[in-house]
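Everything below concerns the one structure shown next.
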Amino acid sequence: MEPLEEKQEPNLLIDRRKFFKLLGGGLAVAFVLEDIFALAGESVTPTSALPANQVGAWIHISEDGTISVFTGKVEVGQNIRTSLSQLVAEELHVPLDSIKMIMGDTDLVPYDAGTFGSRSTPQMGTQLRKAAATARQALLDMAAKNWKTDSKTLKTEAGFISDSNGKKISFGQLTQGQQIILPIADQVSLSSSKDWKIAGKTIPKVNGRSFITGSHKYVSDMKLPEMLHGKILRAPSYEAKLVDVDLAAAKAMAGVIVVQEGDFVGVAASTVHLAEKALQSIKAKWEESEQPSRSEIFDYLVKNARNGKKEANADIVQSMASAELKHSAKYNIDYIAHVPLEPRAGLAQWTDGKLTVWTGTQRPFGVKQDLVNALNLPPDKVRVIMPDTGSGYGGKHSAEAALEAARLAKAAKKPVKVVWTRKEEFTWAYFRPAGVIEVNAGFKKDGSINAWKFDNYNSGNAGINTQYRIANQQNSYIPSKTPLKQGSYRGLASTANVFARESHIADMARMVDIDQLEFRLKNTDNDRLKAVLTAAAKSFNWSSKPPAGRGYGIACGFEKGGYVATCAEVEVLANKSVKIIRLTEAFECGAIVNPHHLENQILGGIVQGLGGALFEAIDFEKGKILNPSLSAYRVPRFKDMPKIEMVMLNRTDLPSAGAGEAPIVGVAPAIRNAILDATGTGLTVLPLLPTGKLA
Amino acid sequence: MRLNINGKAHEVAVEAGVDLLSVLRDYLDLTGSKYGCGEGSCGACTVHIDGKPVRSCVIPAASVTRKSITTIEGLEVNGSLHTVQQAFLKADPFQCSYCASGMIMSAAALLKTNPSPSEEEIITAMNGNICRCGTYPNIIKAIQLASANK
């Protein structure tokens, strides 16, 4: 299912009059094709679509000096509201607190495909820096014109322009009475990250106070006048068809709205309690169908592979045949759940035929499109707004709760909020794909690798290419039929692919009696990878001998411009239970924008990786989830924390990349390889230790 | 029923059996306490009842009518943040922050009975609170900062 298809918003309107009506006068800098604003019209449509992968953003400097930054990126805890503000403040030379971020509101911000794939920092960050630098140059030019001087003699600082005689004017004063829109100058020169004063520094969450006082309104907290609460009738198992439904009792309840559209049945009432009572009164007959269970899932994925497996090409066959040593293994990866602590929520309101939905999603424009399609509405009749949301981890791309709320609100003629229960979130959202990975390698006694065949059933392509120098390699992703709904996850399939590859590499190193770190360094030419491996090993004290009963493991990978190496120390007790003693992770993603928040992203990746490595797994039987609760599905807690050490390499000479994904990938294989080191047993199934013990 | 919340009496008309968290959130618009699991497993809904940390999602509102209930909204007194909130603001531990209210309420309850807890004691006291973003080590640091402030 990944990568998720992104449709280009066909109707990107920039309405100049509306723009300034909304914002007041001032100076705006937008990413647009050069010729758009050359047209005199009030409302213009780009004649061609925005270039692929290009992101839109704009910055507005108002007459009171407020800097508004409009971006389709959204905040789910990765702290881009803060880091993007830092980048704009840095380039524009304004105080951080003069910046207001307007994020993820489809009526106000330019089209954006979504917040995923670690794109916010490299793409949106760069775009906003260019917009800010363009604005700063324009302000300098305006001041120079006013003062009849050369802009090169002027300087900008903290929202003011001054000349060498101390004459000063604020950005806001300069833009008074103006209505100027400028395109982002693609060639504008940007600050060097070595000279950063605001960016590159640890700055606390810009809206931190609203979270620690409980005053921030997540979608699930929002309330509108006359709002009703919605509940949806759920099928007893996947793919079950609604055969018959008796709504009479629910309809007879005072103050209850009942909606049925095909298999969609929902109710809305003034309290959740009443909505639940109405839902319980509904008698439904379902026709269930045969569904596979977890016990057979790995065979099922291989049997149901679309197109079948690619045969080894002639080079692979030949190099495998002539290899001094061979190693083959099969790795199985369970489905796991994202478990965002805030379950899906949608609040819908219809006003004069226009639908507004507040919902926690990583794809506000994607959700808008889904609503447009499902409800058959013109695009300008749908607005999606995304307040800062209780996390996503790749799990909040879809529109379910938004659509459910919209349907109920339409029938109720009142705003309706739908907040999923934990059980619904576990059952009706989507999962990280399960997968089966077959790896066959041929190598020499000196540790060089001749042949590598890597076949991944179902989990996906991300991270499938090796970082190693291998003469003949063939890496394939073989899509299969999935009994559970699956989709994006932090790092996508790289959690699975890196696990299989790095496990296999550790086994091979062991077979030729070469140290795990040395084997990796020997087989890669990638300097950035070598740097994180070396940094992690140094900080971990890799060259020391593990104490009795303990083992060391290492793993590395790269994803979305981030390079990561993870070292693990485990202890295996006499009763075969395994304790993770410590993890050291080195990470490099170019120039660091906010050290503390980068550390939080790395830490988040490590801890989430720990759950998937050790015990997280979705259990299911015949189309039903067997562990749809936080008491049954175990996620990492305080007591599960090993000692965690993070080493951040700051490459100020490289552009900043994202950090939401790569830091998760090394955790599982590093732990697995430490267990191998301690016991000689190479585990091949994720999660590694569902019972906490080795078999 | 009559509930004493954050030092104020609230009269609410609630059906029998409704949990305290729903009353706080849906009837009184005190939405700082969060729903995370509905079974007392994640701690996002933690409030203080007579000073003790309690999972409000599994407590019937009717059972606490004679008690003193404090929510995250009641920690701030006359616009000044509670010591624990101050420490959390400074330490900036969170990512999405959906767990923040519950973490702060659990931490405040711990420090009230044990002003200088060891790391071990913090972990034991906080283990019922889930941060899915995985910021646990930062939260421990924030609690230590709050404890040093005392």
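Both backbone and side-chain heavy atoms feed into the values below; hydrogens, waters and symmetry mates do not. Note that this is a predicted model, so its numbers are computed, not measured. So you know, we letter chains A, B, ... as the sequences are listed, proteins then strands, and number each from 1.
- The ring of A:F426 has its center closer than 6.0 angstrom to the ring center of A:Y633.
- Ranked by heavy-atom pairs under 4.5 Å with chain A, the list B:G32, B:A44, B:S41 is led by B:S41.
- Most heavy-atom pairs under 4.5 Å with chain B, from the set A:Q78, A:H338, A:K417, A:M222: that is A:H338.
- At least one test fails for A:R490 against the ring of A:Y393: distance under 6.0 Å to the centre or angle within 45° of the axis.
- Of the listed residues (A:S629, A:P340, A:G392), the greatest number of heavy-atom pairs within a distance under 4.5 Å of chain B belongs to A:S629.
- With a threshold of 4.5 angstrom between heavy atoms, A:H229 approaches chain B through side-chain atoms but not through N, CA, C or O.
- Heavy-atom pairs under 4.5 Å with chain A peak, among B:I122, B:L81, B:T135, at B:L81.
- Contact count versus chain A (heavy atoms, under 4.5 Å) is highest, among B:G36, B:C96, B:G134, for B:C96.
- Note on A:E425, A:R209, A:M641, A:H597: by heavy-atom pairs under 4.5 Å with chain B, the leading option is A:R209.
- Side chain to side chain, A:R432 and A:T495 meet the donor-acceptor criterion of an N or O pair below 3.5 Å.
- Nearest approach of A:F587 to A:L598, heavy atoms of both residues: CE2-CD1, 4.0 Å.
- Between chain B and the residues A:E599, A:E75, A:H273, A:M227, the most heavy-atom pairs under 4.5 angstrom are made by A:H273.
- Among all heavy-atom pairs drawn from A:P225 and A:P415, the shortest one is O-CG, 3.7 Å.
- Under the 6.0 Å distance and 45° angle rule, A:K205 counts as a cation-pi partner of A:F211.
- Remark: the A:N594 side chain and the A:T82 side chain contain no N/O donor-acceptor pair separated by less than 3.5 Å.
- With a 4.5 Å cut-off on non-hydrogen atoms, B:I104 touches chain A through its side chain but not through its backbone.
- Ranked by heavy-atom pairs under 4.5 Å with chain B, the list A:I212, A:N79, A:T202 is led by A:I212.
- Heavy atoms of A:V76 lying under 4.5 Å from chain B belong exclusively to its backbone.
- In terms of non-hydrogen atom pairs under 4.5 Å with chain B, the most contact-rich of A:T271, A:N600, A:V607 is A:N600.
- For a residue to count as touching a neighbouring chain, one of its non-hydrogen atoms must lie under 4.5 Å from one of that chain's; by this rule A:I80 does not touch chain B.
- With a 4.5 angstrom heavy-atom cutoff, B:Q85 touches chain A via backbone and side-chain atoms both.
- The pair A:K223-B:D26 fails the salt-bridge criterion, with no side-chain N (NZ, NE, NH1 or NH2) lying under 4.0 Å from an Asp/Glu carboxylate O.
- A cation-pi arrangement is present between A:R234 and A:W420, with the terminal nitrogen or guanidinium carbon under 6.0 Å from the aromatic centre and inside a 45° cone about the axis.
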